[in-house]
Amino acid sequence: MPMSGHPQWFLRALVLTVLYLPHVASAQGTEANEVLLKRLEELDRKVKMLEERLEQAERRGATVVPPTAASPAAPDPALVQRVEEIDQQVKTVARTQEAEAKAAAAKASESAIAYAGKDGFGIRTADNAFKLRLGALLQFDMRGYLTDDFPGQAPDNFVMRRMRPVLEATLNEKYFVLIRPEFGNQGNISLQDGYLEGRFLPQFKVRGGKFKGPMGLERLQSPQDLAFMERAFPSQLTPNRDIGVQVFGDVLDGRLTYQAGYFNGVRDNASGDTDNNSGKDFNGRLFAHPFKNTEDSALRGLGVGIGMTSGTQGGSITNANLPNYVTPGQQTFFSYSAGAFAAGTRQRWSPQFYYYNGPLGVLGEYASARQEVTRATAQREVTNTAWQLYATWVLTGENAGYVRPTPKRDFDWATGGWGAFEVGLRVSEFRLDDELFSGPATTRLADPAVSARKATDVGLVLNWYLNRNIKVQLNYDQTRFTGGAANGGDLPDEKILFSRLQANF
């Protein structure tokens, strides 16, 4: 075929068509792609033949006259149609490959991946939009009372302080479900936590169900992260777990956390699954890290805040809706007289702070609870207060924090690792309102010969973190009382030695 009969646009079209060859080769897993590949290879051979003829003509001195505007060379309609068909087939294959790639990616994101580690066991999708985690907390305690004076003949014993399996689920990335029952606590089976949470923005989240009311600093700390085995006195003036709804989030680049909720309302240091009156409590808390984003590392670990509750709560002679207060050894040192019950407003507030810098940890808080109480013909407004201050030091150099330290080297006989060691000192005090003990025996709210007016505790602790999941504690507390004994005397000191073996994941 003479070269002058082929227009240059056709040769260019053939060359461009051949450029699709790598795309087709990557998809030759299907029969259609193989057929198309053969066709393109055939065209490639034809182009090479044409190029060889062109070179031969040039060597013989022939002149190839390109088509001009005056005498354009008419393209062969059959060849034009064939090129267009091949081009369309290549585009179809490319679209098919793209669709298959998207389908494969979608399938991969939905496939389940099992995992296990220090944070628990579970399954998740590849994109983490759906997750299911199984975890647990186990705390096995020994309590040894060093005297029999107070609380009397309380036996030394072993206690399953907490045994809590936990199930967490993330749904569509933004929704979170937590279910945590309690099988420990001396055999009292209950639901500790159960709630649904919508995590719409870091600045705005919503939670509904049963969970800790936002107020106390140490109360909100997870039990596996507590520096001392039992919480200090201020936590006894805060609500534990309640049923309600809460909005919360982090604002100002994470420097301020807010929580605000509406709850059934529970008595001090209590959890509730039911409600016997229409009164409800508002709970709110603000906590700030003012130097979180600064370059001053010495103040970066400072956090300050305040929490409060307010509501109207009632009771009756048969259902007082009033608390008892206990020692670090979990023995009652104050209780209301029979016939006294809650009857009116209850307000609590708690300023609080912590400070962490390297191995040093310091935490302090104050709590005040004001409650209207009735007994017989007398109605009084009483205010009870408590405070605590403690300091800890991680002897092995790990960073202290609101969550437990992570050892640099896990305990292991073979490698010589010893985990992390921490020591701590705590002072805490509880003061009862004098109004509780005033008036005649028939109307006074508490018996001064049975309940103490003040309790002051000093505690020492040694914590050994074998690894992220295992912890051993040795804790000594001595509590001194004012009042609470016959003839205006003081209750004898409580002296107790604790030890705990903890596992959590």
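All values derive from a computational prediction rather than experimental measurement.
You'll find the ring centres of Phe333 and Phe430 inside the 6.0 Å limit. Phe505 and Phe121 have their aromatic ring centers within a separation under 6.0 angstrom. Aromatic ring centres of Phe411 and Phe421 lie farther apart than the 6.0 Å criterion allows.
Side-chain atoms of Asn469 come within 3.5 Å of backbone N or O of Asn504 as a donor-acceptor pair. Tyr366 contributes no side-chain N or O that, together with a main-chain N or O of Pro234, makes up a donor-acceptor pair within less than 3.5 Å. Between the side chain of Glu398 and the main chain of Ala420, no donor-acceptor pair closer than 3.5 Å is present. Although no hydrogens or angles enter the test, the distance criterion places no donor-acceptor pair under 3.5 Å between the side chain of Arg241 and the main chain of Asp273. For Asp250 (side chain) and Pro202 (main-chain N/O), no donor-acceptor pair under 3.5 Å exists by modelled atom type. The closest donor-acceptor contact from the side chain of Ser316 to the backbone of Asn319 lies under 3.5 Å. Judged purely by atom type and a 3.5 angstrom limit, Gln139 has no side-chain atom pairing as donor or acceptor with the backbone of Arg500. When atom types are taken as modelled, the side chain of Arg409 and the backbone of Thr415 share a donor-acceptor pair closer than 3.5 angstrom. The closest donor-acceptor contact from the side chain of Asp225 to the backbone of Tyr402 lies at 3.5 Å or more, if one exists at all.
Among all heavy-atom pairs drawn from Arg380 and Thr443, the shortest one is NH1-O, 3.5 Å. Nearest heavy-atom pair across Glu494 and Gly329 is OE1-N, 3.2 Å. In terms of heavy-atom proximity, Val423 sits nearest to Leu462 at CG1-CD1, 3.8 Å. For Arg444 against Ser337, the heavy-atom pair with the smallest separation is O-OG, 3.7 Å. Annotation for Ala369 and Leu237: closest pair CB-CD2, 4.0 Å, computed over non-hydrogen atoms. Considering all non-hydrogen atoms of both residues, Ser310 and Met308 come closest at CB-CE, 4.1 Å.
Contact check for Ser451 versus Tyr325: no side-chain heavy atoms found under the 4.5 Å cut-off. The shortest distance between side-chain heavy atoms of Phe498 and Asp477 falls below 4.5 Å. Taking the side chain as every heavy atom from C-beta outward, Pro223 and Arg231 approach each other to under 4.5 Å. Counting only heavy atoms from C-beta outward, the side chains of Pro328 and Asp457 approach each other to under 4.5 Å. Arg346 has its side chain within reach of Arg267: a pair of non-hydrogen atoms, C-beta onward, lies under 4.5 Å apart. Proximity of Lys212 to Thr238: side-chain heavy atoms (C-beta onward) are nowhere separated by under 4.5 Å. Arg207 is not listed as a side-chain neighbour of Phe176, based on a closest heavy-atom distance of 4.5 Å or more.
At least one cation-pi condition fails for Arg404 and Tyr465: the charged atom is not both under 6.0 angstrom from the six-membered ring centre and inside a 45 degree cone around its axis.
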Trace of the salt bridge (charged side-chain N to carboxylate O under 4.0 Å, His left out) decision for Arg480 with Asp490: CA-CA 9 Å; Arg480 180 168 294 178; Asp490 299 333; over 6 Å; no
Derivation of the side-chain contact (heavy atoms from CB on, under 4.5 Å) call for Gln330 and Arg143: CA-CA 10 Å; Gln330 303 302 292; Arg143 295 175 183 168; 3.6 Å; yes
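A salt bridge between Asp253 and Lys292 is absent, with no side-chain N of the basic residue lying under 4.0 Å from a carboxylate O of the acidic one. Between Asp193 and Arg164, no side-chain nitrogen of the basic residue sits less than 4.0 Å from a carboxylate oxygen of the acidic one, so the salt-bridge criterion is not met. The pair Arg133-Asp119 does not meet the salt-bridge criterion, since no charged nitrogen lies less than 4.0 angstrom from a carboxylate oxygen.
Between the CG atom in Leu432 and the OG1 atom in Thr383 there is a gap of 11.5 Å [rounded to 0.5 Å]. Interatomic distance, Gln352 CD to Arg285 CZ, rounded to the nearest 0.5 Å: 4.5 Å. Atom NZ of Lys131 and atom CD1 of Ile113 lie 11.5 Å apart (nearest 0.5 Å). The CG atom of Asp281 sits 10.0 Å away from atom CD of Gln347, with the distance rounded to the nearest 0.5 Å. Note that the OG1 atom of Thr327 and the CD1 atom of Ile496 stand 6.5 Å from one another [nearest 0.5 Å]. For the atom pair CE of Met142 and CG of Asn475, the computed distance is 11.0 Å after rounding to the nearest 0.5 Å.
A side-chain donor-acceptor contact under 3.5 Å links Thr406 and Arg468. Under 3.5 Å, the side chains of Gln331 and Tyr145 contain a donor-acceptor pair of N or O atoms. No side-chain donor-acceptor contact under 3.5 Å links Asn283 and Thr309.
More than 12 heavy atoms of other residues, nucleotides or ligands lie within 6.0 Å of OH in Tyr115, so this atom counts as buried by the packing criterion. Within a 6.0 Å radius of CG in Leu134, other residues, nucleotides and ligands contribute more than 12 heavy atoms.
Of the residues Glu218, Glu365, His289, the one that meets the side chain to side chain donor-acceptor pair (under 3.5 Å) test with Tyr354 is His289. The residue from Phe353, Tyr390, Tyr355 that alone fulfils the side-chain contact (heavy atoms from CB on, under 4.5 Å) condition with Leu363 is Tyr390.
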